[in-house]
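Everything on this sheet refers to the single structure shown next.
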Amino acid sequence: MNPAFEEERALMLQLQEADFVVVELTLYTDTHPDDQDALDQWREAIKRASKIRHQYESRYGPLSLASIPTEQAIEAGWRWNQTPWPWQR
Amino acid sequence: MWVYEKKLLYPVKVDTCNPKLARYLMEQYGGADGELAAALRYMNQRYTVPDKVIGVLNDIATEEFSHLEMIATMIYKLTKDATPEQLVEAGLGAHFVNHGHDLFYENAGNVPFTATYIQAKGDPIADLYEDIAAEEKARATYQWIIDVSDDTSLNDSLRFLRERENVHSLRFRESVEILKEERDRKKFF
Ligand SMILES: [Fe+2]
């Protein structure tokens, strides 16, 4: 596998992990609204996922149209309508 | 509204082309206790449930759509290189003559998805008990598919999905308790 591709994969995996923590803690706090410790963890998880998303997107381009494409991503040829889509990876 | 994000909730890899396994996975795509049924069931319930449990229905419904995308990815990857002969051999002959290589919302026995899989009883406790049962049935189905699958990459993703059904079931059981507590408080004061 080419190293650039592998780097992208690794960062994507980090983002999937970080986002998953948010998903899990969101559900938990939905039914435990008074658990302060969980709420703190949840806020931290959102910060962490947002940081990694920013890292990923500034290098490889937006994952959603809620993000602004960076110069770096545009120069590297990023387009929304480009492969691979998630099921093609 | 929803904003599409170009990534899967959890990675999906498959070892080999395996249309038979794809056929089994259709149970979780367009079957009675599959991901589409789950997503639509919770999404529909969230409008009329008490405020305290809207979040859990909204958020689990959203997660179910990401599971649906994972299952679709599995079926796509397991069948994209299959020849018509291989599809016939896997029991997907009827599927192939009707849909070609397209996916379709149907179960493992080729029965098309129907809204009658989903109840809406206007009673949050009754609806939540159905949700708990649906999660447990989905968990069991994932287990049976894992039992007959020898695709180790795929099984990793299936185990993730099986565990999510456990967590959803737990969150719904907690939601029932929240509603019962609220109901009892109203009775006493
Ligand atoms: Fe679920």
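Just so it is clear, the model here is predicted, and its values are computed rather than measured. In the text below, chain A, chain B and the rest are named by the order of the sequence lines, each starting its count at 1.
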| task | Would you verify whether the NZ or CZ of B:K6 falls within 45 degrees of the ring axis of A:W80 while also being under 6.0 Å from that six-membered ring's centre? | result |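 Checked: cation-pi criterion met.
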
| said: What I want to find out is whether A:E24 reaches B:R164 closely enough, with some N-O distance under 4.0 Å, to be called a salt bridge. | reply: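 Looking at B:R164 together with A:E24, the answer is yes, because their closest N to O distance falls below 4.0 Å.
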
Under 4.5 Å between side-chain heavy atoms, hopping through other hydrophobics if needed: is there a path connecting [X] to [Y]?
X	Y	value
A:L25	B:L57	no
B:L179	B:V56	yes
B:Y76	B:L68	yes
A:W42	A:F20	no
B:L40	B:I132	no

| task | Would you mind checking which part of A:P33 comes under 4.5 Å of any heavy atom in chain B, side chain (CB onward), backbone (N, CA, C, O), both or neither? | result |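 Neither part.
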
Between [X] and chain A, which part of the residue has a heavy atom less than 4.5 Å away: side chain, backbone, both or neither?
X	value
B:V3	side chain
B:K77	side chain
B:E5	both
B:I178	side chain
B:E69	side chain
B:Y4	both
B:K80	neither
B:F160	side chain

| request: Determine, stepwise, if the pair A:T31 / B:E177 fulfils side chain to side chain contact (heavy atoms under 4.5 Å, CB included). | output: CA-CA 10 Å; A:T31 55; B:E177 293 314 309; over 6 Å; no

Output the distance between atom [atom1] ([X]) and atom [atom2] ([Y]), rounded to the nearest 0.5 Å.
X	Y	atom1	atom2	value
A:D19	B:Y10	CG	OH	14.5 Å
A:W85	B:T73	CH2	OG1	12.5 Å
A:D30	B:I60	CG	CD1	7.5 Å

| task | Please report the closest heavy-atom contact between A:V23 and B:E63, naming both atoms and the distance. | result |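 Result for this residue pair: CG1-OE1, 3.4 Å.
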
Taking atom [atom1] as the centre, does [X] end up with more than 12 heavy-atom neighbours from other residues, nucleotides or ligands that are less than 6.0 angstrom away?
X	atom1	result
B:H99	NE2	yes
B:D51	CG	no
A:W87	CH2	yes
A:R48	CZ	no

| field | Among B:D59, B:L9, B:T62, B:V12, residue most engaged with chain A (heavy-atom pairs, under 4.5 Å) | value |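 Highest number of pairs under 4.5 Å: B:D59.
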
| Backbone of B:L8 reached by a side-chain donor or acceptor of A:Q16 within 3.5 Å |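 Here the side-chain-to-backbone pair exists.
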
| said: For a side chain to side chain contact (heavy atoms under 4.5 Å, CB included) check, start with the C-alpha distance between A:Y56 and B:K7, then their side-chain angles and the critical distance, and finish with the verdict. | reply: CA-CA 12 Å; A:Y56 182 96; B:K7 69 188 249 293; over 6 Å; no

| request: Could you have a look at A:Q88, A:R89, A:M12, A:H32 and say which one has the most heavy-atom pairs with chain B under 4.5 angstrom? | output: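 The option with the most such pairs is A:H32.
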
